[in-house]
Amino acid sequence: QVHVVESGGGLVQAGGSLRLSCAASGRTFNTYGTGWFRQAPGKEREFVAAISRSVIRTYYGDSVKGRFTISRDNAKNTVYLQMNSLKTEDTAVYYCAIRGAYGLGDSDSEYDYWGQGTQVTVSS
């Protein structure tokens, strides 16, 4: 089993920055890409970004390109999401998810292990 914990959420003004962290523990040796998703009230879960285990590939949702950066430190089993130039529409619960199979995708059905989420609120 793989345990996933997100942290770093909070309240920030529009234009500000936050860095989210996703720490994985347990049987992480058989895991692959990691993704971030978000879900705002009344909306479907949305793909934000993903990164391969090797760090070679990254992938972003259109709404965050140029503002968010995903990175990882494999020695710490941690993936980060640096969020800059935040907008009120970025307000959501952010979830980290890890794939149990090779590949990198933008569909939540492709990810096997999920954290509980961390709230990000951007005020105007």
With clusters defined by side-chain heavy atoms of hydrophobic residues (ILVMFWY) lying less than 4.5 Å apart, directly or transitively, does [Y] cluster with [X]?
X    : Y    : result
V79  : Y60  : yes
Y95  : W36  : no
L81  : L86  : yes
I51  : Y111 : no
V120 : F68  : yes

**Item:** Whether Y32 and Y102 hold their rings parallel, tilted or perpendicular, with breakpoints at 30° and 60°
**Value:**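 Perpendicular.
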**Asked** Between Y59 and F47, how do the two ring planes meet: parallel, tilted or perpendicular, split at 30° and 60°?
**Response**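 Plane angle between 30° and 60°, so tilted.
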Return the minimal non-hydrogen interatomic distance between [X] and [Y], and the atom names on each side.
X    : Y   : answer
A92  : A40 : CB-N, 3.8 Å
V48  : Y94 : CG2-CE2, 4.3 Å
T118 : E6  : CG2-CB, 4.0 Å
R72  : R53 : NH1-CA, 3.3 Å
S63  : R38 : OG-NH2, 3.2 Å

**Request:** Please assess E110 against L104 for the test side chain to side chain contact (heavy atoms under 4.5 Å, CB included), listing each intermediate value before the final yes or no.
**Result:** CA-CA 8 Å; E110 298 178 62; L104 203 62; over 6 Å; no
Side-chain donor-acceptor contacts of residues 9-22 below 3.5 Å, not counting sequence neighbours, with atom names and distances?
| unit_1 | atom_1 | unit_2 | atom_2 | d |
| --- | --- | --- | --- | --- |
| S17 | OG | N84 | OD1 | 2.9 |

**Request:** Verify, without hydrogens or angle tests, whether S52 (side chain) and R57 (backbone) share a donor-acceptor contact under 3.5 angstrom.
**Result:**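 Confirmed, S52 side chain pairs with R57 backbone.
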**Prompt:** Do C96 and T34 come within less than 4.5 Å of each other through their side chains, counting heavy atoms only?
**Reply:**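 Result yes, sub-4.5 Å side-chain heavy-atom pair found.
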**Request:** Quick one: name the residues clustered hydrophobically with V5, using the 4.5 Å side-chain heavy-atom rule over I, L, V, M, F, W, Y, and just say none if it's on its own.
**Result:**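 None, because no other hydrophobic side chain comes under 4.5 Å of this residue.
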**Item:** Cationic N near anionic O, under 4.0 Å, K87 to D90
**Value:**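 Result for this pair is no, no salt bridge flagged.
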**Request:** State the OH-OG1 distance between Y80 and T69, to the nearest 0.5 angstrom.
**Result:**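 Reported value, rounded in 0.5 Å steps: 14.5 Å.
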**Item:** Distance (rounded to the nearest 0.5 Å) between T91 OG1 and K43 NZ
**Value:**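 Nearest 0.5 Å value for the OG1-NZ distance: 9.5 Å.
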**Message:** Counting neighbours of CD on E44 that are heavy atoms of other residues, nucleotides or ligands and sit closer than 6.0 Å, is the number greater than 12?
**Reply:**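 Atom CD in E44 is not packed in, count stays at 12 or less.
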